[in-house]
Amino acid sequence: MYNLSNIKTIKSILEKHGFKFTKSLGQNFIINPSVCPKMAEFCCENEKSGILEIGPGIGVLTIELAKRFQKVVSVEIDTNLIPILSETTADFENIKIINKDILKVDLNQLYKTEFLNCEEIAVCANLPYYITSEIVMYLLENNPGFKSLTFMVQKEAAERICADFGTRESGAISVAIRYYGKPRVLFNVSRGSFIPAPKVDSSVIKININSDISSKIKNKEKFFQIIKATYSKRRKNILNSLSMNFKISKEEILKILNTANVDPHSRPEQLKLEDFINISDFI
Ligand code: SAM
């Protein structure tokens with residue numbers, strides 16, 4: 001079995017396959033040997049679980065997951081990494097590699113074809129930084145039954161995602177994610193833990209999915225529209241931003257906000273999750 005966090009081994013595999021890093025695909029591979037075992041430990045407790053990994057790279061996290069869990073499905077967009085992954089994961093029969101853009105994978109179909117025999121399913125990934133938010137929202141909005149999502153992102157993105165309501169760091173993404181579950185930072189990872197080293201440090205986050213989300217909101221689309229509309233104009237008060245975005249008169253919005261018991265002069269970061277839910281019920 002390969003030691004995929006050994007820099008010499010990595011370089012020789014990459015050289016053998018003539019692999020060149022593609023910066024635009026967010027290719028920074030882990031070389032710190034303690035990171036992937038820790039991520040795999042934290043991501044799920046049930047060894048009879050199936051794990052979806054996004055962006056396996058050369059397979060350093062993939063192998064740690066395969067040692068611990070019943071099944072690992074890893075979706076990698078870069079065709080040049082597929083022959084490398086076939087070689088590095090050859091010892092494991094419970095790994096399936098899919099060469100595809102994760103945003104084009106039908107997650108419900110994937111669940112039916114790959115994970116039906118698993119007791120639980122979860123996501124574990126070192127995400128490409130250029131599309132972190134898109135991938136996280138795609139997984140949450142099309143969740144076929146993931147119990148949790150454990151992923152590594154840039155430290156700043158992690159702070160935004162985990163920011164509490166009312167803080168300057170909070171943004172549309174932190175509110176949107178709170179609807180699905182409460183994110184928390186598990187541990188930080190320094191930039192020197194990667195090859196090539198990125199310019200910033202990273203953090204590993206875990207989101208345990210709320211089991212009762214479907215009952216909370218009447219109109220999910222409107223709820224997310226309100227979050228985006230208010231946060232895209234976060235310097236305006238919500239009376240103005242809602243009126244502009246929904247093309248509804250201020251008088252009407254005022255009535256809606258009064259019914260929802262929300263102060264019309266508040267800025268988005270002053271609202272709680274329940275406020276957004278109430279507004280989306282009445283608008
Ligand atoms: N898991 C490896 C590790 O920890 O060393 C690599 C992580 S690297 C930060 C991100 C990986 O995601 C790269 O292998 C990249 O090719 C892949 N990737 C980028 N965009 C993707 C997409 N849309 N769908 C699937 N994989 C993607």
Side-chain angles (χ1 to χ4, degrees), residues 2-7 9-11 13-14 17 19-43 51-69 72-89 92 95-107 110 114 122-139 141-142 149-158 186-205:
Y2 289 100
N3 176 358
L4 292 178
S5 31
N6 178 292
I7 191 86
T9 313
I10 299 173
K11 281 189 175 160
I13 296 171
L14 297 183
H17 288 269
F19 178 81
K20 299 264 178 295
F21 287 93
T22 305
K23 207 174 166 197
S24 60
L25 288 179
Q27 290 179 341
N28 303 94
F29 299 163
I30 293 280
I31 51 168
N32 178 336
S34 68
V35 173
C36 294
K38 219 161 145 186
M39 279 183 82
E41 285 296 327
F42 274 121
C43 90
I51 309 290
L52 171 66
E53 186 197 9
I54 297 126
I58 60 169
V60 60
L61 175 61
T62 322
I63 286 173
E64 292 305 325
L65 294 168
K67 283 184 202 162
R68 292 167 176 80
F69 301 105
V72 179
V73 175
S74 300
V75 179
E76 172 57 62
I77 197 171
D78 188 351
T79 310
N80 295 325
L81 284 167
I82 304 306
I84 301 182
L85 283 163
S86 306
E87 192 176 321
T88 56
T89 63
F92 295 88
I95 296 178
K96 172 150 186 182
I97 307 289
I98 298 176
N99 185 197
K100 219 168 171 183
D101 176 349
I102 185 66
L103 299 177
K104 298 202 172 111
V105 173
D106 179 337
L107 296 176
L110 185 81
E114 305 295 342
V123 172
C124 189
N126 174 9
L127 289 179
Y129 295 159
Y130 73 108
I131 42 166
T132 301
S133 309
E134 285 93 324
I135 293 180
V136 174
M137 290 314 293
Y138 183 75
L139 296 171
E141 281 170 21
N142 301 286
L149 269 58
T150 303
F151 51 85
M152 191 184 317
V153 294
Q154 287 187 343
K155 203 159 172 242
E156 269 179 23
L186 295 179
F187 58 94
N188 295 324
V189 179
S190 71
R191 63 195 80 180
S193 301
F194 300 85
I195 178 178
K199 290 198 177 77
V200 290
D201 296 329
S202 298
S203 299
V204 176
I205 292 180

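The figures here come from the full heavy-atom set of this structure, side chains too, leaving out hydrogens, waters and symmetry mates. In each ligand, atom 1 is the first atom listed, and ligand 1 is the first ligand listed.
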For this session: Could you tell me whether a side-chain N or O of Asn99 sits under 3.5 Å from a main-chain N or O of Ile77, the two making a donor and an acceptor?
Result: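 Looks like yes, one N/O pair under 3.5 Å.
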Exercise. Would a distance-only check, ignoring hydrogens and angles, find a side-chain to backbone donor-acceptor pair under 3.5 Å from Asn188 to Ser203?
Worked result: no
For this session: Could you tell me which residues satisfy side chain to side chain donor-acceptor pair (under 3.5 Å) with Tyr138, sequence neighbours excluded, listed by chain and number?
Result: none
Problem set entry | salt bridge (Lys or Arg N to Asp or Glu O under 4.0 Å) partners of residues 196-205, not counting sequence neighbours, each pair once |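 Salt bridge (Lys or Arg N to Asp or Glu O under 4.0 Å) check on residues 196-205 returns Arg191-Asp201.
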For this session: Return each pair, listed once, that meets salt bridge (Lys or Arg N to Asp or Glu O under 4.0 Å) where at least one residue sits in residues 29-42; pairs must be two or more places apart or across chains.
Result: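 Listed once each, the pairs are Glu41-Arg68.
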Which N or O atoms of ligand 1 sit under 3.5 Å from a protein N or O, and how far apart is each pair?
from	atom 1	to	atom 2	distance (Å)
ligand 1	1 (N)	Gly55	O	2.8
ligand 1	1 (N)	Pro56	O	3.3
ligand 1	4 (O)	Asn126	ND2	2.8
ligand 1	5 (O)	Ile30	N	2.8
ligand 1	14 (O)	Gly57	N	3.4
ligand 1	14 (O)	Glu76	OE1	2.7
ligand 1	16 (O)	Gln27	NE2	2.9
ligand 1	16 (O)	Glu76	OE2	2.6
ligand 1	20 (N)	Tyr130	OH	2.8
ligand 1	23 (N)	Asp101	OD1	2.9
ligand 1	24 (N)	Ile102	N	3.0
ligand 1	26 (N)	Ile77	N	3.3

Exercise. Do Phe151 and Val123 have side-chain heavy atoms sitting under 4.5 Å apart?
Worked result: no
